[in-house]
Amino acid sequence: MTPGRLRRIMTAPVPGRPPTVYLDHAATSPLRPEVAEAMAPFGAERFGNSSGAHHVARDARRALEEARDLVAECLGASPGEVVFTSGGTEAANLAILGTLAARQEAGLAAGAIVCSAVEHAAVLESCRAATRATARIAGVAPVELRVAPVDGQGILDLEALEDLLRDDVGLVSVMLANNEVGTVQLIGEVVGAVARAAPGAAVHTDAVQAASYLNVAELARGADLLSVSGHKLGGPKGVGALVVRERVRVDPIVHGGGQERDRRSGTHDVAGAVGLAAALRAVAASRREESARVGALRDRLAAALVAGLPGTVRSVDSARSLPGHCHLRFDGVEQEELLVLLDERGVCASAGSACASGALERSHVLAAMGVPAGQARGAVRFTLGHSTGPPDIERAVSAVTDAVALLRG
Ligand code: PLP
């Protein structure tokens, strides 16, 4: 399937419903045609268990290792540094809990973890789990969690971060780009600050959102651990990877047959690994043009809505945001109501902070940015991606304008 055909299918009208305008790529992206094609043989045909000894297993292992080579190349790692996981969430859990477990195993104090105030729940909850787990062990000082603040655009306060870094810090986790508002962090600066103030600490960066547009191999070169997820890239759901540099050790959090050099057990999802590799390759091949194309569409959407709807504020400037993110706050509007009206008009957007039940939670990201609760209630995230075209923007502008006018009465 060509990208043009995919776009036509995604925007084809459902009887009785307006055409779908999918602007929720930060939640998940449709599978890229080239990814679907790469994965197709790994269902019924090349179905082997990559840990076996016969030729069917060897064939699967070859495919897995080719996928690993490609993932490593795209992420600026060596193949041995790539650990396949069940997604970004597991990659973050392994980075945080696995690093702390390895430190304890090596007789080092669990110490403290430092993260930014705007991390995804996968990171925040892993950090909190580490503090809870150590608090339960008699005679062990619990891990302390220190949270570094951000400014009004979600940019990490590097001075405040440096104040939290001391010799007792075992791990620092700062995302490369934020899922909700799209802010890109200066990871190189974070790595430099950690090297100066807490040289024994490992640095993890959650590159799940950033990998769709940024050259993470370049930007996160100094990080010790880096996580990515297939489905945010136009790859499959349920697969991700954690890069673990040779210099750092992680203990497994999923135990069993010792796959992934004893860092993550479980029969390999060969199709998933092949899909993740194909998605990363597709992104790398078109990164520059796609960033410019999607960024221009995003700017058009933001400019039209800010100009056309007084009382609309953009949360993060284009210069500091991923190209696909357009996070807006509409005065006098409740986000739940706006999202329902947009859905009725065919537009899929999001509040950027839904929990597993789909219910909207107060956004910890907007709270950390100092956005007043009243304004946060009118916040909506539009995220564009590889299947977004100019007609999506025209339709979205018209639907949002119409819906906001209706809500403001
Ligand atoms: N980190 C970030 C920044 C994300 O946006 C997400 C998904 O929304 C995750 C981690 C979790 O990734 P996955 O859905 O693959 O578990």
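When a residue number appears, it is its place in the shown sequence, counting from 1. We count ligands from 1, going down the list as the structure has it; atoms in each ligand are counted the same way.
- Contacts of D206 with ligand 1, taken as heavy-atom pairs under 4.0 Å, involve the side chain alone.
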For this session: Given side chain to side chain contact (heavy atoms under 4.5 Å, CB included), test V83 with V243 step by step and report yes or no.
Result: CA-CA 6 Å; V83 180; V243 170; over 6 Å; no

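- Ligand-side atoms of ligand 1 in range of T89: 11 (C), 12 (O), 13 (P), 16 (O), range being under 4.0 angstrom from any heavy atom.
- Judged by distance alone, with hydrogens and angles left aside, the side-chain atoms of S116 form a donor-acceptor pair with the main-chain N or O of V118 at under 3.5 Å.
- Shown in contact with S229 at under 4.0 Å from a heavy atom are these atoms of ligand 1, numbered in order with element: 13 (P), 15 (O).
- Under a 3.5 Å cut-off, the side chain of N93 and the backbone N or O of T89 do form a donor-acceptor pair.
- A salt bridge does not link D331 with R408: none of the charged nitrogens is closer than 4.0 Å to a carboxylate oxygen.
- Within the structure, the closest approach of E119 to ligand 1 does not fall below 4.0 Å when heavy atoms are considered.
- Note on E162 versus R196: salt bridge recorded, some NZ/NE/NH1/NH2 to OD/OE distance being below 4.0 Å.
- Closest to atom 13 (P) of ligand 1, if we only count protein heavy atoms, is G88 N, 3.5 Å.
- Atoms NE2 and CZ, from H327 and R329 in turn, are 7.5 Å apart once rounded to the nearest 0.5 Å.
- Note: no N/O pair closer than 3.5 Å links N179 and ligand 1 by distance alone.
- Neither the backbone nor the side chain of E90 comes within 4.0 Å of ligand 1, counting heavy atoms alone.
- At the top of the distance list for atom 8 (O) of ligand 1, counting protein heavy atoms only, stands K232 NZ, 2.6 Å.
- Contacts of K237 with ligand 1, taken as heavy-atom pairs under 4.0 Å, are absent altogether.
- No donor-acceptor distance shorter than 3.5 angstrom exists from the side chain of K237 to the backbone of G230, with no hydrogens or angles considered.
- Side-chain atoms of E125 do not come within 3.5 Å of backbone N or O of A121 as any donor-acceptor pair.
- Within ligand 1, counting atoms from 1 as listed, the ones closer than 4.0 Å to a heavy atom of G87 are 15 (O).
- Nearest protein heavy-atom neighbour of atom 6 (C) of ligand 1: H120 NE2, 3.3 Å.
- Near Q209, meaning under 4.0 Å from one of its heavy atoms, ligand 1 places the atoms 3 (C), 4 (C), 5 (O).
- Considering both main-chain and side-chain atoms, A26 never comes within under 3.5 Å of ligand 1 through any nitrogen or oxygen pair.
- Atoms of ligand 1 found under 4.0 Å from any heavy atom of H231, numbered from 1 in the order shown, are 13 (P), 14 (O), 15 (O).
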For this session: Report the C-alpha separation of R68 and E260 in whole Å, then their side-chain angles, then the decisive distance to 0.1 Å, and conclude whether the salt bridge (Lys or Arg N to Asp or Glu O under 4.0 Å) test is met.
Result: CA-CA 11 Å; R68 191 188 306 281; E260 293 298 281; 2.7 Å; yes

